[in-house]
Colleague: 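Structure in structure tokens, see below.
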Amino acid sequence: MLKNKTVQLWSRRLHVYISMALLLVVLFFAITGITLNRPHIFVKSQPDVTELTLNIPAELFHSDKGQYRPQEDKLVSYLTAKGKISGQPSGLNVYTDVEDGELIEGEISLDYKGPGFNVAVYIDMTSQEAVIEKTHYGLVAVLNDLHKGRNSGEVWRWFIDITAVLMVLFVLTGVCLLLPKKKTLTTSLQWMGLGTAVTLFIFFFAVP
């Protein structure tokens with residue numbers, strides 16, 4: 001069945017089209033595989049850290065849940081817009097010390113995380129001031145996190161999954177194209193055996 005002309009025709013088409021569609025993607029994952037494996041060479045040893053302060057409107061610290069219970073969605077939106085912050089925000093960590101209805105001490109903290117960077121936010125509810133610390137680890141760190149799908153969002157994770165499926169399909173269509181060519185298939189199987197043997201040898205005898 002796999003040697004059928006129609007199957008061979010579609011295998012060839014898919015093999016070519018998938019290879020071109022994934023050309024730059026495969027190069028990206030190959031190159032970032034090297035940068036991930038050698039972070040001491042490619043990743044900045046000292047990240048860029050910037051800090052800014054931001055005044056928070058008092059009404060954001062109160063909600064229908066009670067006094068000194070912040071409006072989480074509006075507060076996060078305000079921080080994101082005014083602080084020019086990107087990334088995925090965490091939940092709020094809120095600590096308050098209230099005596100006789102008066103706020104003695106109050107602090108809100110949260111994090112934003114994205115590929116190659118993170119942002120720490122600390123808010124003093126008494127002074128209504130936020131301290132925003134942005135830490136960026138450089139372009140290579142961004143690419144490495146994208147390779148791993150770390151802090152890169154659900155859409156990018158789906159992109160990685162789909163890319164992996166297409167790579168598998170690329171390999172299978174390549175095998176299908178080799179089946180009618182007995183001599184080439186035999187040589188290819190020998191190379192596959194050699195590659196597998198070298199991989200297993202390194203795993204069993206060279207990996208600590």
Side-chain angles (χ1 to χ4, degrees), residues 1-48 80 85-91 111-119 134-208:
M1 179 181 175
L2 293 178
K3 297 181 180 180
N4 181 277
K5 288 185 178 181
T6 302
V7 173
Q8 287 291 307
L9 175 63
W10 279 104
S11 294
R12 184 173 291 105
R13 287 178 177 175
L14 287 173
H15 192 74
V16 172
Y17 297 153
I18 291 173
S19 68
M20 294 310 297
L22 296 182
L23 177 62
L24 295 180
V25 178
V26 171
L27 282 174
F28 164 76
F29 281 108
I31 292 170
T32 51
I34 297 173
T35 58
L36 273 170
N37 197 43
R38 304 289 179 181
H40 57 285
I41 298 177
F42 298 102
V43 178
K44 296 171 65 173
S45 57
Q46 295 296 327
D48 295 324
T80 302
I85 306 173
S86 58
Q88 182 66 38
S90 67
D111 296 317
Y112 289 76
K113 293 186 180 297
F117 73 92
N118 60 68
V119 180
K134 301 179 180 180
T135 305
H136 202 290
Y137 297 90
L139 176 61
V140 174
V142 174
L143 299 178
N144 286 349
D145 280 353
L146 289 174
H147 182 110
K148 295 183 288 185
R150 181 185 181 189
N151 301 322
S152 52
E154 189 62 28
V155 173
W156 184 263
R157 284 194 288 269
W158 273 105
F159 174 75
I160 293 176
D161 291 341
I162 293 170
T163 298
V165 171
L166 289 175
M167 287 181 181
V168 171
L169 188 57
F170 172 75
V171 171
L172 293 178
T173 53
V175 173
C176 185
L177 289 173
L178 282 173
L179 290 178
K181 304 172 182 179
K182 293 184 178 180
K183 185 176 180 180
T184 305
L185 176 62
T186 301
T187 304
S188 300
L189 289 175
Q190 290 172 346
W191 278 105
M192 184 188 76
L194 176 62
T196 303
V198 170
T199 302
L200 292 174
F201 179 85
I202 292 173
F203 175 75
F204 286 112
F205 297 102
V207 176

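All of these numbers come straight from a predicted model, not from anything done at the bench.
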Colleague: When rounded to the nearest 0.5 angstrom, what distance separates CG in Leu178 from OG1 in Thr173?
Modeller: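 Here the interatomic distance stands at 10.0 Å.
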Colleague: At what distance, to the nearest 0.5 angstrom, does NE2 of His147 lie from CD1 of Ile34?
Modeller: 11.0 Å
Colleague: Looking at residues at least two apart in the chain, or sitting in another chain, which of them share a side chain to side chain contact (heavy atoms under 4.5 Å, CB included) with Tyr112?
Modeller: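 Tyr112: side chain to side chain contact (heavy atoms under 4.5 Å, CB included) contacts with Val76, Leu79, Thr80, Ile85, Pro89, Leu110, Val119, Val121.
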Colleague: Which atoms form the tightest heavy-atom contact between Lys148 and Ile160, and what is the distance?
Modeller: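 Smallest interatomic distance, heavy atoms only, reads C-CD1, 4.4 Å.
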Colleague: In terms of the angle between their ring planes, are His136 and Phe117 parallel, tilted or perpendicular, with boundaries placed at 30° and 60°?
Modeller: parallel
Colleague: Any chance you could lay out the side chain to side chain contact (heavy atoms under 4.5 Å, CB included) test for Asn144 and Tyr137, step after step, and finish with the verdict?
Modeller: CA-CA 11 Å; Asn144 286 349; Tyr137 297 90; over 6 Å; no
Colleague: Any chance you could measure Phe29, atom CZ, to Leu36, atom CG, to the nearest 0.5 Å?
Modeller: 10.5 Å
Colleague: Going by salt bridge (Lys or Arg N to Asp or Glu O under 4.0 Å), name the residues that satisfy it together with Arg150, two or more places apart in sequence or in a different chain.
Modeller: Asp145
Colleague: At what distance, to the nearest 0.5 angstrom, does CG of Leu22 lie from CZ of Phe28?
Modeller: 13.0 Å
Colleague: For a quick test of reading the model, state the closest non-hydrogen atom pair linking Arg12 to Leu177 and the distance between them.
Modeller: N-CD2, 3.6 Å
Colleague: Other residues, nucleotides and ligands only: do more than 12 of their heavy atoms fall within 6.0 Å of NZ on Lys181?
Modeller: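 Atom NZ in Lys181 is not crowded, with 12 or fewer foreign heavy atoms closer than 6.0 Å.
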Colleague: Verify side chain to side chain contact (heavy atoms under 4.5 Å, CB included) between Thr35 and Val43, making sure each step is shown before the conclusion.
Modeller: CA-CA 8 Å; Thr35 58; Val43 178; over 6 Å; no
Colleague: Any donor and acceptor pair, going by atom type alone, linking the side chain of Thr32 with main-chain N or O of Leu143 inside 3.5 Å?
Modeller: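 The answer is no, because no donor-acceptor pair under 3.5 Å joins these two groups.
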Colleague: Under the side-chain hydrogen bond (donor to acceptor under 3.5 Å, both in side chains) criterion, do Ser90 and Asp111 qualify, and how do the steps go?
Modeller: CA-CA 5 Å; Ser90 67; Asp111 296 317; 4.8 Å; no
Colleague: Using the rule given for side chain to side chain contact (heavy atoms under 4.5 Å, CB included), can you reason through Arg13 versus Trp10, listing the C-alpha separation, both sets of side-chain angles and the distance that settles it, and then say yes or no?
Modeller: CA-CA 5 Å; Arg13 287 178 177 175; Trp10 279 104; 3.7 Å; yes
Colleague: Should the heavy atoms of other residues, nucleotides or ligands under 6.0 Å from CD of Glu154 be counted, would the total exceed 12?
Modeller: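 For Glu154, atom CD is crowded (more than 12 foreign heavy atoms under 6.0 Å).
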Colleague: Rounded at 0.5 Å granularity, tell me how far CE in Met167 sits from CD1 in Ile18.
Modeller: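 Answer rounded to 0.5 Å: 11.0 Å.
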Colleague: Heavy atoms, side chains only, cut-off 4.5 Å: are Asn151 and Gln88 in contact?
Modeller: no
Colleague: Let me confirm one number: the CE-CG distance from Met20 to Leu23, rounded to the nearest 0.5 Å.
Modeller: 5.5 Å
